[in-house]
Protein chains: 2
Amino acid sequence: MEVYTVITEKQKKTARYAKAMGHPVRLYVLQLLSEQSCCYSGDLSEVLPIAKSTLSQHLKELKDAGLIQGEIEAPKIKYCINKENWNEARLLLGDIIK
Amino acid sequence: MEVYTVITEKQKKTARYAKAMGHPVRLYVLQLLSEQSCCYSGDLSEVLPIAKSTLSQHLKELKDAGLIQGEIEAPKIKYCINKENWNEARLLLGDIIK
DNA sequence: AATATAGTTCGTATTTTTGCGAACAACGAA
DNA sequence: TTCGTTGTTCGCAAAAATACGAACTATATT
């Protein structure tokens, strides 16, 4: 059963993407990856003033939101934008700020 | 004293706006106000499945983020977009999703 | 002055987020 | 196989977000 609401699924999805972007560290990572195709967690860890475990959590959140994806390149992990979802997020947010 | 970080003030500001947009209720209100110039809290309260006090909190957050403003029109309060900041938010977010 | 309306603030509870260090897992190199 | 590198997961703590109902404030109406 669904509680009645005027809020659409599209708006919920948009809000989820916006929420994922709503932290400086995550926004930094997203912006970097939208510009330079890929990076390693270690690269980020060197420049960001947070613990590795904290960074890992933020990366996980971006992954859970669907905005990035990781590919094993042992012993590192290469992170890139999830193009499909990133494009969706851009469209959805673009519709809000149009 | 400022801890060193590669994260810019611009990114922090963008993240703050994104965070304010990161909830379905707040996104709904923003989208409504970006389309129809103004509304009253009561209008929102009628259609949104949340308590009035909860709505009031969300409106306060949007106000604190600078995205909307309220004008007393007793006994109601007329809410509108804060055009200056909304435009700033659009520019900042537009820069991310460009 | 009493009442009705509109909305905020207060008090509280629950959940989620943010963050850290220690421990762990996976893999390549020596 | 032992060691180093890379990054995640675990356990914990503190802070912030979300939500509600009750109480309150302010104003207009009767």
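The shown structure was predicted, so the numbers you read here are calculated from the model rather than taken from an experiment. By convention in this document, chain letters (A, B, ...) are assigned in the order of the sequence lines, proteins followed by strands, and residues within each chain are numbered from 1.
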Just the rounded figure in Å: distance from [atom2] of [N] to [atom1] of [X].
X: A:Asp43; N: D:dT5; atom1: CG; atom2: C1'; result: 14 Å
X: A:Lys60; N: D:dT9; atom1: NZ; atom2: C1'; result: 10 Å
X: B:Ile77; N: D:dA28; atom1: CD1; atom2: P; result: 13 Å
X: B:Tyr40; N: D:dA28; atom1: OH; atom2: P; result: 13 Å
X: B:Glu73; N: D:dT27; atom1: CD; atom2: C1'; result: 13 Å
X: B:Leu48; N: D:dC20; atom1: CG; atom2: C1'; result: 16 Å
X: B:Leu44; N: C:dT8; atom1: CG; atom2: P; result: 10 Å
X: B:Asp64; N: D:dA17; atom1: CG; atom2: C1'; result: 13 Å

Task: Distance (rounded to the nearest 0.5 Å) between B:Leu30 CG and A:Thr14 OG1 - done: 12.0 Å
Should we count [atom1] of [X] as having more than 12 external heavy atoms under 6.0 Å?
X: A:Glu35; atom1: CD; value: yes
X: A:Lys83; atom1: NZ; value: no
X: A:Glu84; atom1: CD; value: no

Open item on the list: Using every non-hydrogen atom in the two residues, find where A:Gly66 and A:Asn82 come nearest and quote the distance to one decimal.
Closed with: O-CB, 3.1 Å
Task: Shortest non-hydrogen contact from B:Tyr79 toward B:Leu33 - done: O-CD2, 3.6 Å
Open item on the list: Each nucleotide in nucleotides 14-21 of chain C should get exactly one letter: B, S or -. Can you fill that in based on protein heavy atoms under 4.0 Å?
Closed with: ---SBBBB
- [ ] Consider the side chain of B:Ser56, meaning its heavy atoms from C-beta on, and name the nucleotide among C:dG7, D:dT5, C:dT8 that approaches it most closely.
- [x]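 Within the option list, the nearest is C:dT8.
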Open item on the list: Between B:Tyr79 and C:dT8, is there a contact of a side-chain N or O with OP1 or OP2 at under 4.0 Å?
Closed with: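 True: B:Tyr79 side-chain N/O within range (under 4.0 Å) of C:dT8 OP1/OP2.
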